[in-house]
Amino acid sequence: MPELPEVETTRRGVAPLVSGLQVQRVIVHESRLRLPVPTTLPAILTGQRLEDVQRRAKYLLFRFEAGTLIVHLGMSGSLRVVDAAQPRLPHDYVEIDFGPRRVLRLRDPRRFGLMIWTTGDPAGHELLATLGPEPFDAGFSAAYLHERAAGRRGAVKNFIMDAHVVVGVGNIYAAESLFRARIHPVRASGRVSQARYAALVTHIRAVLTEAIEAGGTTLRDFLRNDGEPGYFRHNLAVYGRAGLPCVQCGQALRVQVIGQRSSFFCARCQR
DNA sequence: CAAAGGTCCTGCTCGC
DNA sequence: TGCGAGCAGGACCTTT
């Protein structure tokens, strides 16, 4: 589920509902996520006031006075703020209770997500310290990509999906932005001109912006924070459209596994 | 049975 | 030959 737009949508949905409130109770129903949820979490959080919710890459940062709760939704995670009377759903693994009508629940069927506690500057945490720039940072530029890609022969799609190069470009938005920039996903990243990287930067930003404004692309199990099903199919030009006609040229779109991920593209438009 | 939106780790290969 | 960067593949886990 969560690519960057979904994570940002989650942040915007959750933050106003719980920011400024004090944690009443924490229940960890299942701690075996990608990293273990600390069993001390209830003792750490109870009584603390949530200052705000920030985002770095696909990590959500719940900032308390004493430290930061780092949350990642993996491939299937979601957060909702529900009434305490709402029954737990299957795979609702952690509950942070900010009051009877303000229970934050982490659901994560595949358990690829994480929820950990850190003190000090979260940017220095090992999970965050080596991440590349945010797509909307000035440091993410054509010159930056061109320089980072010099000499690299791997597929440009893998390159832009590498969080140490730039964060927040997952499989869907990699496909969409490469299509708009007319760059073939298998092209060696070191053999993309700076001018074409300029186009790619523009399109990555545009695609992410559109998706965030649309409330996030949702393909499967994203739930909106009010608990309503949030199914929303963003207008995707290539992702999931193998065999269907290219919106530009009409030729059938192709799918190919690149870096173990299904990659959709137009073999005529993208070079 | 394959595949699903993410990330980390290991071990191999290539080029200097 | 040795080294490091880059890269591919596997692992994590459950559901459809």
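In what follows, chains are A, B, ... by sequence order, proteins preceding strands, each numbered from 1. Since the model is a prediction, treat every value here as computed from it, not as a measurement.
- As a whole-Å value, the separation of A:Leu35 CG from B:dC8 C1' is 9 Å.
- B:dA4 atom C1' lies 15 Å from atom NE2 of A:His91, rounded to whole Å.
- Note on A:Arg261: a side-chain N or O is less than 4.0 Å away from OP1 or OP2 of B:dG6.
- Residue pairs satisfying the side chain to side chain donor-acceptor pair (under 3.5 Å) criterion with at least one member in residues 242-261 of chain A, sequence neighbours excluded, are listed as follows: A:Gln251-A:Arg268.
- Of the listed nucleotides (C:dT15, B:dA4, B:dT7), B:dT7 has the atom at the smallest distance from the side chain of A:Arg34.
- Applying the side-chain contact (heavy atoms from CB on, under 4.5 Å) criterion to A:Ala57, with sequence neighbours excluded, gives A:Tyr59, A:Leu131, A:Glu134, A:Val167.
- By the side-chain contact (heavy atoms from CB on, under 4.5 Å) test, A:Ile116 is found to be paired with A:Leu35, A:Ile70, A:Leu114, A:His125, A:Leu127, residues two or more places apart in sequence or in another chain being considered.
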(message) Could you go through A:Tyr144 and A:His146, starting from their C-alpha distance and side-chain angles, then the distance that decides it, and tell me whether this counts as side-chain hydrogen bond (donor to acceptor under 3.5 Å, both in side chains)?
(response) CA-CA 5 Å; A:Tyr144 166 79; A:His146 191 246; over 6 Å; no
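- Residues that satisfy the side-chain contact (heavy atoms from CB on, under 4.5 Å) test with A:Asn158, not counting sequence neighbours, are A:Ala155, A:Ile258.
- Between A:Glu3 atom CD and B:dT7 atom C1' there is a gap of 13 Å when expressed in whole angstrom units.
- Between the CE atom of A:Met161 and the P atom of B:dA4 there is a distance of 11 Å, given to the nearest Å.
- Residues meeting the side-chain contact (heavy atoms from CB on, under 4.5 Å) test with A:Ala123, sequence neighbours left out: A:Asp121.
- For A:Arg101, the salt bridge (charged side-chain N to carboxylate O under 4.0 Å, His left out) criterion is met by A:Asp83, not counting sequence neighbours.
- Separating the CG atom in A:Leu50 from the OG atom in A:Ser19 is a distance of 5.0 Å, to the nearest 0.5 Å.
- Here A:Arg25 pairs with A:Asp97 under the salt bridge (charged side-chain N to carboxylate O under 4.0 Å, His left out) rule; sequence neighbours left out.
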(request) Please lay out, stage by stage, how A:Arg105 and A:Val94 fare under the test side-chain contact (heavy atoms from CB on, under 4.5 Å). (result) CA-CA 6 Å; A:Arg105 288 186 180 153; A:Val94 182; over 6 Å; no
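- Counting to the nearest Å, the P atom of B:dT7 and the CZ atom of A:Arg110 are 12 Å from each other.
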Provide a list of protein-nucleic acid N or O atom pairs under 3.5 angstrom, restricted to nucleotides 9-12 of chain B.
none

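- Between atom CG of residue A:Leu60 and atom OG1 of residue A:Thr68 there is a gap of 12.0 Å, rounded to the nearest 0.5 Å.
- Contacts between residues 111-129 of chain A and DNA chain B, defined by a heavy-atom separation under 4.0 Å, are made by A:Phe112, A:Leu127.
- In this structure, A:His72 does not reach the B:dG6 phosphate: none of its side-chain N or O atoms is under 4.0 Å from OP1 or OP2.
- Taking atom CE of residue A:Met75 and atom C1' of nucleotide B:dA3, one finds them 9 Å apart after rounding to whole Å.
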(message) Apply side-chain contact (heavy atoms from CB on, under 4.5 Å) to residues A:Phe159 and A:Val192 and explain how you reach the verdict.
(response) CA-CA 11 Å; A:Phe159 177 67; A:Val192 174; over 6 Å; no
(message) For a quick check, with a 4.0 angstrom heavy-atom cut-off, what is the B/S/- contact string for nucleotides 3-11 of chain C, read 5' to 3'?
(response) ----SSBB-
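- Stems are defined here as 3 or more consecutive Watson-Crick or G-U wobble pairs with pairing distances under 3.5 Å; those involving DNA chain B are B:2-4 with C:14-16, B:6-16 with C:2-12.
- Sequence neighbours left out, the pairs with a member in residues 176-206 of chain A that pass ring pair (Phe, Tyr, Trp, His ring centres under 6.0 Å) are A:His184-A:Phe265.
- Contact check, A:Ser76 against B:dG6: no side-chain N or O comes under 4.0 Å of OP1 or OP2.
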(request) Apply side-chain contact (heavy atoms from CB on, under 4.5 Å) to A:Val169 and A:Glu3, showing your working. (result) CA-CA 7 Å; A:Val169 183; A:Glu3 293 216 23; 6.0 Å; no
